[in-house]
Amino acid sequence: MAGLVGGDSVNFDLGSFKVRLKVALVASYFIFSLILLRLWFLQGLNGPYYRDKSENNRTRLIKTVAPRGSIFDRDGRMLVGSRPSFDVALMLEDVPDLEGTVETLAEVLQRPVGEIQERVKSGRSRPFEPRIAASDVSREELGRVRANGYRLPGVIVDVVPVRDYPFDSMAAHIFGYAREISKKELESREGYARGDLIGKTGLELAQETSLRGQNGFVRIEVDAGGRRKKELEVKDYLKGRDLHLSLDLDLQLAAQEVLKNRRGAVVALDPRNGDVLALYSGPSYDANHFSVALNPAVWKELTSSPDKPLNNRPLTAAYPPGSTFKLFAAVAGLAENLISESTVFNCPGYYRFGKRNYRCHKRSGHGKVNLRQSIAMSCNAYFYQLGVMLGIDRLSKYGEMFGFGSLTEIALDGEKSGILPSRKWKKEKVGEQWWPGDTIPVSIGQGYLTVTPLQLANAVAALVNGGIIYKPRLVRKVVEHESGKSRVYHSQHSNLVPLPKEILHLVRDMGSEVVHHERGTGKRARVGEIRIGGKTGTAQVSRLGTQENDERLQDHAWFISYAPVEEPMIVVAALVENAGSGGLEAAPVSHSIMSKFFLKQGMVTEEEIEEHKFDPPKPPVAATEATATRAERTMAAAATSDQEMAAELPSLPSVGIRDQAQSRAQMNSPEEEDF
Amino acid sequence: MFKSKRIALSIDWPLTLTVLALCTVGLGALYSAGFNEQLGYSAQMKRQAMSMGVGLLCFLICMLIKPEIWKRNAYLVYLLGCGLLTAILFSGVVAGGARRWLEIGGFRMQPSEFMKVALIVALARLFSSSTSLEKGYQILSLIKPCLLMGVPFVLIVVEPDLGTGLCHLLIGGSMLMLAGVRKRTVLTLGLLGMCLAVPAWFFGLKDYQKQRILTFMSPEDDPLGSGYHAIQSKIAVGSGSLTGKGFLQGTQTQLRFLPEQTTDFIFSVLAEEWGFVGSAVVIFLYGFLILRLLTISARCSEIFPAFVVIGVAAMIFWHVIVNVGMVVGVLPVVGLTLPLLSFGGSSVVAVLGALGLAAGVSSRRFLFH
């Protein structure tokens, strides 16, 4: 066997051919084994990794966002609900040409390309998570997106529930708002995922655990084109629990209507159980701004406005209570047996203490007045004398009994405690000892003393209900949506005022003089023939005689009221910032709320209200409402009745300034009714 | 008749059974790749089954035709192949940007698939009468075989179909190496080839061809564009894991993540649904086929049949390596079929015909003439 036989008897070396064949066989087997090795690498070693990838390829997990619980008023009327928001989003994995798609989308939505680009880029970067390009698009825009679907590959429409406030600005401060959870919160809170909403302020924050629902999801299978093939797994969402509040929509609306755009606060409580019937902060803002991504311009306007519309004034702002505090000073005097109902002090128009004259608002003086008269006419001289007799320690002790200087513990964020001054407090905060002269302004609710409207309302409630300090109750019931199971929040009292009821009832009765006495300062609060107790207050902001024309340095108008006097069902505290006289500006607020309340109770009719309304002749219109200075209002007040005017000396931290103020007061003294 | 009967009796069963096994696997994979919940099997599957019927007939015919007849008409077959390729230039059917097909009597055929067999036969014929086989090929003596390879290469590359063109060079080159080329010549040509590669990259390759090569190097750069095939194919193969997702259960396959899963990427379907076990079995089948063919060649007593079988083995080998290499992501995306598995009538008929040739050689190994 010399070799293979070729046609032309070619001599072929069989041996080396066979060697070459063997080499070829070995070489091809070597290459085959490389292929096998590669297969082992892909399928054996990295099988699970690629299995995951193929799962991601074919499935999309779509979150179904659970709506947050709704909020109802005490009569079951919906105050906060949910509505669907249509968000246009991009599934980047299914978008072949991002820039082109964004451009097309901008054209379809008729929005600037930059805006959409910005939103898409700022979105999260997790794979297979849609990136929102435009949220809460209108139905018309949605229709255009749907119609142009063929040239918008990878563009999807997400439906998410957002907050809906049918009464837009009616109680924005109470509800607060929920936002997307921040990275920091995500680290500290269990059970939250990126993109979840979390309550940031108001009830949304306080009742987060109740309001929050449980998100569901749909796992769908898609083909290579991202087209939905079938649902693989569905988990339904669970709506958040509903809140039933103690709030009365009618009273809240009445508060909004009467306060209008003025800065101020209205609190209405049920003194029998601490229910919050109304809690309005003005000016308010449209809560619907916060439903979806907040417009930066709106946010800037809200935060930079000098009116500070985001402040929840009833509980986060503290003001001097002014003369409303006289009721509590009276309680202290009676309880300490320093005065009785018939104790008479003389009011010559001022009270001289040391080298200074502390003025009453009535220059000519009230003459000899007893306690009842002094409350009705809000005589300062009477309470200066009572204050000096009581001293700061006792004033402070009684203030503490009624909850001044401490939180009411309403379940809302940002509550302030105000200041209840004492020797210890002054030493710590001002670094000075307590001067006897410091006590005198405190006795008429000025000086260092500050309270929040809610705090004052709660203290009045305790005064008129026989001494029970309730924790203001805003949420009465939490109801689970599916099962209907509910959890009731019972009213809780945090303290009892350790005083004989007779004293409290006596002062409560004296308050009715303010409204019903012919020289009472709160006649504008009358509602039909309902017996109403109340107290006006005019809290000074500025030093006497300064900045007369600066509206923001005008006095705050206060009015607190309760009715019916014998068995109060409602307490109202109204504050209007820089409005001037309490009897003129704040008492009508109380009138509105009380009218609504007693009309609903069927205890009064519209006609009766109209008939008994205190309607003095209108003052001459020398200037428009907006430009009216305090002096003009004062003249108007003097023309109609003996309105309480703020003539109390202001809180002044040091002797020097006080002296200066005093001399200023004396300098100003010839001009009658300048204050 | 007597002889034919003996040939039939002495049929190479290991080879034939392996071929039938691969055909079955191919039909199974194609069934799954084209699976449709309403119809079950796809139209492609039906056409492939028909092609296999025709192909097996070809296998039988080629087996029964005496190698001497093949040898005598080798150049004729070669010229016929070149003629068909030339005909494409004038009346070829354009599809997907390339003119690769001829339509004859309603049937569409791809001459380049048959050209491989023609080239194998022609080269074997050349070797059988070449004195170079005694001393080994040198640069000058390589001119003739290179011309044989060059003509179809050029005709195919202008279609354009670089993959199939290169395949001809690989087959021819393999046959030459086994015929024997002097070491010095191999070295010289190797250096020359490297020097030519650079200008070829800049002037010879079309943009999409360059893109394929670049993409192969880093597919993740363009996951939705040119890297899509490479990534999705790897995912399909890898996600099959050890035992696969099960017949008709491949999500990559059933949700059509691979556009060419019935043709170039049929192996990924198999790998996804049958896992490492399934793909290894297929690789082993091909490995056995190569072993069998080389064994047949080694037992030959004549140069022509020995090199025909070597050519067939080279054709199968390179197709498998290039195709599977592409599917598992170690070679660039080149449109070469996986023999007997990929959908495509011309490929199936040509491969089965070529294997029939080899089977015919094997059946006659004990016969004298």
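In the text below, chain A, chain B and the rest are named by the order of the sequence lines, each starting its count at 1. Treat the numbers as computed from the prediction; the structure is a model and nothing was measured.
- Other residues, nucleotides and ligands contribute at most 12 non-hydrogen atoms within 6.0 Å of the CZ atom of Arg146(A).
- Between the side chain of Arg38(A) and the backbone N or O of Val328(B) there is at least one donor-acceptor pair closer than 3.5 Å.
- Judged purely by atom type and a 3.5 angstrom limit, Tyr50(A) has no side-chain atom pairing as donor or acceptor with the backbone of Gly240(B).
- The neighbour count for Phe217(A) CZ, taken as heavy atoms of other residues, nucleotides or ligands under 6.0 Å away, is above 12.
- Contacts of Leu36(A) with chain B are made by both backbone and side-chain atoms, with heavy-atom separations under 4.5 Å.
- In this structure, Phe32(A) has its ring center at least 6.0 angstrom away from the ring center of Phe284(B).
- The side-chain heavy atoms of Ser297(B) and Phe17(A), taken from C-beta on, include a pair separated by under 4.5 Å.
- Atoms CD1 and CG, on Ile235(B) and Asn46(A) in that order, are 12.0 Å from each other to the nearest 0.5 Å.
- Counting heavy-atom pairs under 4.5 Å between each of Ile35(A), Asp52(A), Leu34(A) and chain B puts Ile35(A) at the top.
- Residue Lys235(A) places its NZ atom among more than 12 non-hydrogen atoms of other residues, nucleotides or ligands, all under 6.0 Å distant.
- Summarising the geometry of Ser239(B) relative to Ser54(A), their closest heavy-atom pair is CB-OG, 3.5 Å, with the distance given to 0.1 Å.
- Note on Ile310(B), Leu291(B), Leu178(B): by heavy-atom pairs under 4.5 Å with chain A, the leading option is Leu178(B).
- Interface remark: Val327(B) contributes no atoms to any contact with chain A (heavy atom separation under 4.5 Å).
- Heavy-atom contacts from other residues, nucleotides or ligands closer than 6.0 Å to CZ of Phe86(A) number more than 12.
- Nearest approach of Phe317(B) to Ser28(A), heavy atoms of both residues: CE1-CB, 3.1 Å.
- The minimum heavy-atom distance linking Leu39(A) with Ser279(B) is given by the pair CD1-CB, 3.8 Å.
- With rounding to the nearest 0.5 Å, the separation of CG in Leu294(B) from CZ in Arg20(A) is 13.5 Å.
- Within 6.0 Å of CD in Gln214(A) there are 12 or fewer heavy atoms belonging to other residues, nucleotides or ligands.
- Closest heavy-atom contact between Gln43(A) and Val237(B): NE2-O, 2.9 Å.
- Between Trp40(A) and Phe276(B), the ring planes are perpendicular. Angles over 60° get that label, and only those under 30° would be called parallel.
- The candidate with the highest count of non-hydrogen atom pairs below 4.5 Å against chain A, out of Gly180(B), Gly244(B), Gly250(B), is Gly180(B).
- Of the atoms belonging to Ala179(B), it is backbone heavy atoms, and not side-chain ones, that fall under 4.5 Å from chain A.
- Neither the backbone nor the side chain of Leu258(B) comes within contact range of chain A; no heavy atom of the residue lies under 4.5 Å from a heavy atom of that chain.
- Counting all heavy atoms, side chain and backbone alike, Lys234(B) lies closest to Leu42(A) at CD-CD2, 4.1 Å.
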